[in-house]
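Both ligands and their constituent atoms are indexed starting at 1 by order of listing. Positions are given from 1 along the sequence. These figures come from a predicted structure and were not determined experimentally.
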Amino acid sequence: MIALDRVFELIAEHTSDLICIHDAENTIRFATPSSKSILGYKPEDIIGKKLTDFLSDEFINEMDFTTLVRFFDRPDARIRYQIKHAEKKLRWLESTFTTIGKDPLKEYSVLSSTRDITESVHLTDDLMNALAKEQELSRFKSNLYSIASHEFKTPLAVIQANIEMLKVKSGEKILKNALLSMEEEIDRLNGMIADMLELKRLTIGQVNFNPSELDISLLIKDVIDTDCKKAFPEISIIIKKEDKDIKEVSGDYSLLRYILSNLLINACKFSKKSKEVKVVLSKTDDHSLKICIIDKGIGIPLEDQESIFKSFYRANNVGNIPGTGVGLSIVKEFVALHKGSINFTSVPGKGSTFCVELPT
Ligand code: ADP
């Protein structure tokens, strides 16, 4: 039979958990050799220290250190924390503390048992991220179904009505008007489908970002000519440069085009009676390019303002102005990919100003 002392020695030598004995002050008085793999230090290097000495700065910054230390001081507690390992950088550990009993010299007061749980913490994080993505996707799908049943139905109904009319009526003018109306509805449908696809690509993390030097004025003019003039011929869009040397910006052509197109189309379609939209280009103090799109339209009610960047959200004053409520949520993500920012001010009934800042 093996002697009990030898059994304890074998356990201490071969345990994969780190077992420490602490004095009443929580200072480590004994540690098993597994300290090398758990903390990256030999037992003799950690004796005289406390487990809190190894906490990572990131973890301390997130926690209130005094509360945290109190946790370590509490016998019979179980705590998860992050440490800076001597070699393996940041690791997650879990310790349990057990009171040993009354030692008159207070040298052997608490026993701690510590395990490296980094892999399981990462696994849980991955699972939580996957779950969040899955939930986002399912929210996206159910929103898509309700949008499809409302918004997609209207243009299809208009097209259907025009076809029915052409079956019974003839004449050059009637044909021309019907074709024009159908073309408009098809553009609308295409726009909505493009938005949905963009949102889906964003949701599943498939958007590419390929920046190059772009002439911003040319890009804005192209968006006005192709996306706005045809759909909103009654609105005049003025471009004003507040700084002469504004020319190039580093950006992804298609993402930047989407941002400008969405903001300009919104400014036009929510303009209602006002016939003027302004684009003002300027430079900020930190040399970023600032693009402000200003309209004098219906504005955004105060209670809706904090939600308009959420996907599928539409303010309650949109009436029958068409839309899906996804454009701005995509714009926000695309601006973030450029490491830029987007802000707006809006007064209901008076108009809105959306400003995008992009580092140059
Ligand atoms: P959509 O235009 O398809 O409804 P967006 O995501 O582009 O979706 O915009 C979300 C909502 O924000 C709009 O439905 C509208 O309520 C509000 N909004 C955006 N731009 C303007 C604007 N220029 N003027 C008034 N309301 C706006």
### Query
Between C355 and C292, is the SG gap short of 2.5 Å?
yes
### Message
Which of the numbered atoms in ligand 1 are under 4.0 angstrom from any heavy atom belonging to G325?
### Response
1 (P), 3 (O), 4 (O), 6 (O), 8 (O)
#### Entry: Heavy-atom nearest neighbour in the protein, as seen from atom 3 (O) of ligand 1, with distance rounded to 0.1 Å
T324 N, 2.8 Å
### Query
What protein heavy atom is closest to atom 23 (N) of ligand 1, reported as residue, atom name and distance in Å?
D295 OD2, 2.9 Å
## Note on the structure
Here the salt bridge (Lys or Arg N to Asp or Glu O under 4.0 Å) pairs for residues 285-307, sequence neighbours left out, are E276-K296
### Query
Tell me: protein heavy atom nearest atom 13 (C) of ligand 1, and distance?
F270 CZ, 3.7 Å
### Message
Just to verify, what does K167 make a side-chain contact (heavy atoms from CB on, under 4.5 Å) with, not counting sequence neighbours?
### Response
I163, E164
## Note on the structure
Taking every heavy atom of N262 against every heavy atom of G327, the minimum-distance pair comes out as ND2-CA, 3.2 Å
### Query
Can you tell me which residue and heavy atom of the protein come closest to atom 14 (O) of ligand 1, and the distance to 0.1 Å?
R314 NE, 3.3 Å
### Summary
Closest to atom 6 (O) of ligand 1 among protein heavy atoms sits L328 N, 2.7 Å
### Task
Considering the heavy atoms of S352, write down every atom of ligand 1 situated less than 4.0 Å from one of them.
22 (C), 24 (N), 25 (C)
### Query
Should the pair F344 and F354 be assigned to parallel (<30°), tilted (30 to 60°) or perpendicular (>60°) ring geometry?
parallel
### Query
Given I291 and V249, is the side chain to side chain contact (heavy atoms under 4.5 Å, CB included) satisfied, shown in steps?
CA-CA 11 Å; I291 310 165; V249 64; over 6 Å; no
### Structural part of A315 in contact with ligand 1, heavy atom criterion under 4.0 angstrom
both
### Task
Could you verify whether a donor N or O on one side chain and an acceptor N or O on the other, from N210 and S212, lie under 3.5 Å apart?
no
### Neighbour count >12 (heavy atoms, 6.0 Å) for atom CD, E134
no
### Query
Does a donor on one side chain sit under 3.5 Å from an acceptor on the other, for S95 and Y81?
yes
### Message
Taking the basic N atoms (NZ, or NE/NH1/NH2) and the acidic carboxylate oxygens, is any pair closer than 4.0 Å for E213 and K247?
### Response
no
### Task
State the atoms of ligand 1, each with its element, that fall below the 4.0 Å cut-off from a heavy-atom position in V318.
14 (O), 15 (C), 16 (O)
### Task
Looking only at distances, please establish whether an N/O atom of ligand 1 is found under 3.5 Å from an N/O atom of S329.
no
## Note on the structure
Counting from 1 in the order shown, the ligand 1 atoms closer than 4.0 Å to a non-hydrogen atom of V326 are 6 (O), 8 (O)
### Task
Mind checking whether N262 contacts ligand 1 via backbone (N, CA, C, O), side chain (CB onward), both or neither, at a 4.0 Å heavy-atom cut-off?
side chain
### Query
For ligand 1, is F354 a contact, meaning one of its heavy atoms is under 4.0 Å away?
yes
## Note on the structure
Taking only non-hydrogen atoms of Y313 and a 4.0 Å limit, the atoms of ligand 1 in range are 10 (C), 11 (C)
### Query
Would G299 count as a contact of ligand 1 if the rule is a heavy atom under 4.0 Å away?
yes
### Query
So, does K269 sit close enough to ligand 1 that a heavy atom of it is under 4.0 Å from the ligand?
yes
### Message
Side chains of L127 and L131, heavy atoms from C-beta outward: is any pair under 4.5 Å?
### Response
no
### Message
Looking only at side-chain N and O atoms, does S120 offer a donor or acceptor that is under 3.5 Å from a partner on R115?
### Response
no
### Query
Any nitrogen or oxygen of I300, main chain or side chain, under 3.5 Å from a nitrogen or oxygen of ligand 1?
no
### Query
In the protein, which heavy atom is nearest to atom 7 (O) of ligand 1, and how far is it?
N266 ND2, 2.8 Å
### Query
N317 to ligand 1: N or O pair under 3.5 Å?
no
